[in-house]
Amino acid sequence: MAFDYDLFVIGGGSGGVRAARVAAAAGARVALAEESRMGGTCVIRGCVPKKLMVFASSFDGIEDEAAAYGWKMSRGDFDWPAFSTHLRSELDRLEEVYRSLLDGSGVETFDSRATIAGPNTIRLADGTEKTAGHILVATGGWPEKPSMPNAELGITSNEIFDFETLPKSILIVGGGYIACEFACILNGLGVEVTQFYRGAQILRGFDEEARGLISEAMQERGIDLHLGTNIVAMAPASADHTASWTGTATDAAMGPDAQTSAALLERGTSDGPVWVKATNGREQVFDKVLFATGRRPNTAGMGLEEAGVEIGRRGEIKVDEFSRTSVPTISAIGDVTNRVNLTPVAIREGMAFVETQFKNNPTPVDHKLIPSAVFTQPEFGTIGLSEEEAREQEPVEIYCTSFRPMRSAFAGRPDRVLMKLVVAQESRKVLGCHIVAPEAGEMIQLAGIAVKMGATKEDFDRTVAVHPTMSEELVTMREPMRTA
Ligand code: NDP
């Protein structure tokens, strides 16, 4: 049977676009449908605008540091409308780049939602059906709010980039990548940030020492972090809430100033400030509440189960190591498969899919030892096992140092950095490398090559230090801090 296309990709994010382009370059007739903007989460409402906001927020306090270095600078104000206008035009430009890359590769694009109507059939939003020899689902994920009354009053990371004006105060719920990154960003932009995390320490799953240092640094920078805390109730702020707050607040610092109270009495709408009651009994009114409580694979209403595609408990598409689903003509890559939810991983999965499906070269994706960064302030770069994970596995030596970097020490700033290697006692391999420092993301990309190659502690030691840098400590730590 002749199909309209060899490959139909659903989803124009990083993974889908890459797979479409590479398949087209391999000679396949390819189409791609995207219901929102081309570029997907990473480009439009994720990594790219987030990193630009990280840059914007990093100028906070720069005048004090510059003064220590002899510069006479006065503090200016942050102009959100100016920044966000620039940000939007940059995202428009990047979306165009994605479109022209697809056009240039000969991929036919549809600005439409697409669902699966059969093993080889795709239905567009207007009802048109297309057929393809193979379908690739790359629909990503979507932020998930907790199911609680009035949760709709909270926003998600999707809406952060669309603020008309910056809120004066925000409550961020969650302790993962997104919660911690936006806590730091918004704090740096001058927003009063409160963060609730239900567990004992933020960034669950990462190295404990690194988590502890980041948590301390975030609080030192002014983030009001409450561990072991969650929301129990929320509602549009009203006159009642304001009154009960001033009457019952146990902590004076939690109360609104007179000006805010007056504003709340006037507003009290669902777009306006939100009253929140926490598990610790405290109540507070915030201009915004941001739920950064995880993301869910975008599989709802896609026709996947009807076509026989197996879906997992979290709503993810179940795939094998070649990204093949339970239906031979349908594959899936990226966050919709909920394997390792990172842009570069989705891109790898897309390219491996094309190798397997269109180049007769079955290629699994290696999901082990993936370096990543959390763009908090300070940044966190990490690869491999945390100390806690490694100790469960085998006897280890821990090499670790924490110090004030030269730049901060000279400026009298309290910032500390952390360099840590987790080493297997027997094989001497570096099982994990964890860096908390400015530009840790840049550092871990390079250290990650060595760790991925299976470098031993002695390989690190044989490498001459680059002096004076922060990361030279990675090759100069001679004695283990502890063994376990
Ligand atoms: P995460 O899964 O990392 O974090 C979700 C957080 O929300 C956790 O702290 C979780 O707590 C908490 N949580 C979940 N449900 C509730 C609830 N009902 N009430 C209160 N708290 C809750 O998700 P994110 O949304 O932060 O990020 C999604 C993914 O996106 C990441 O896993 C990552 O793969 C990717 N990402 C990567 C980035 C990077 O590479 N720099 C940046 C941003 C995102 P608990 O720990 O107790 O489960």
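First listed ligand is number 1; within each ligand, the first listed atom is number 1.
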Below a 4.0 angstrom heavy-atom separation, can you tell me which part of [X], side chain or backbone, both or neither, approaches ligand 1?
X	answer
I231	neither
S157	neither
D335	neither
F196	neither

Subject >> R93 and E90 ion-paired at < 4.0 Å >> reply: yes
Please state whether [X] comes within less than 4.0 angstrom of ligand 1, counting heavy atoms only.
X	answer
K50	yes
A373	yes
A292	yes

Could you tell me which atoms of ligand 1, counted from 1 in the order shown, lie closer than 4.0 angstrom to a heavy atom of [X]?
X	result
P146	18 (N)
L342	37 (C), 40 (O)
N230	19 (N), 20 (C)
G175	6 (C), 8 (C), 9 (O)

Protein residue, atom and distance nearest to [atom], heavy-atom basis:
atom	value
atom 28 (C) of ligand 1	R295 CD, 3.6 Å
atom 48 (O) of ligand 1	R204 NH2, 2.8 Å
atom 35 (C) of ligand 1	N341 O, 3.4 Å
atom 38 (C) of ligand 1	Y177 CD2, 3.1 Å
atom 16 (C) of ligand 1	R198 NH1, 3.4 Å
atom 22 (C) of ligand 1	T293 CG2, 3.5 Å
atom 42 (C) of ligand 1	E181 OE1, 3.3 Å

Original post:
Who's closest to atom 23 (O) of ligand 1 heavy-atom-wise, of G141, G294, G176?
Top reply: G294
Subject >> Closest candidate by heavy atom, reference atom 44 (C) of ligand 1, pool I178, T41, I172 >> reply: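 Nearest heavy atom to atom 44 (C) of ligand 1 lies in I178.
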Original post:
Does a donor on one side chain sit under 3.5 Å from an acceptor on the other, for S386 and D207?
Top reply: no
Of the non-hydrogen atoms in [X] and [Y], which two are nearest, and what is the gap between them?
X	Y	value
T293	V173	CG2-O, 3.7 Å
V285	P273	CG1-CB, 3.6 Å
V374	L203	CG1-CD2, 4.2 Å
A20	L102	CB-CD2, 4.1 Å

**OP:** Please determine if K50 forms a cation-pi arrangement with F375, meaning its NZ or CZ atom is less than 6.0 Å from the six-membered ring centre and no more than 45° off the ring axis.
**Re:**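 No cation-pi geometry.
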Quick one: sort the [X] and [Y] rings into parallel, tilted or perpendicular, breaks at 30° and 60°.
X	Y	result
F380	H434	tilted
F353	H134	tilted
H226	F196	perpendicular

Original post:
Are L290 and I160 side-chain neighbours, meaning at least one heavy-atom pair lies under 4.5 Å?
Top reply: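 Of all side-chain heavy-atom pairs linking I160 with L290, at least one is under 4.5 Å.
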Original post:
Are F206 and Y177 close enough that their ring centers fall under 6.0 Å?
Top reply: yes
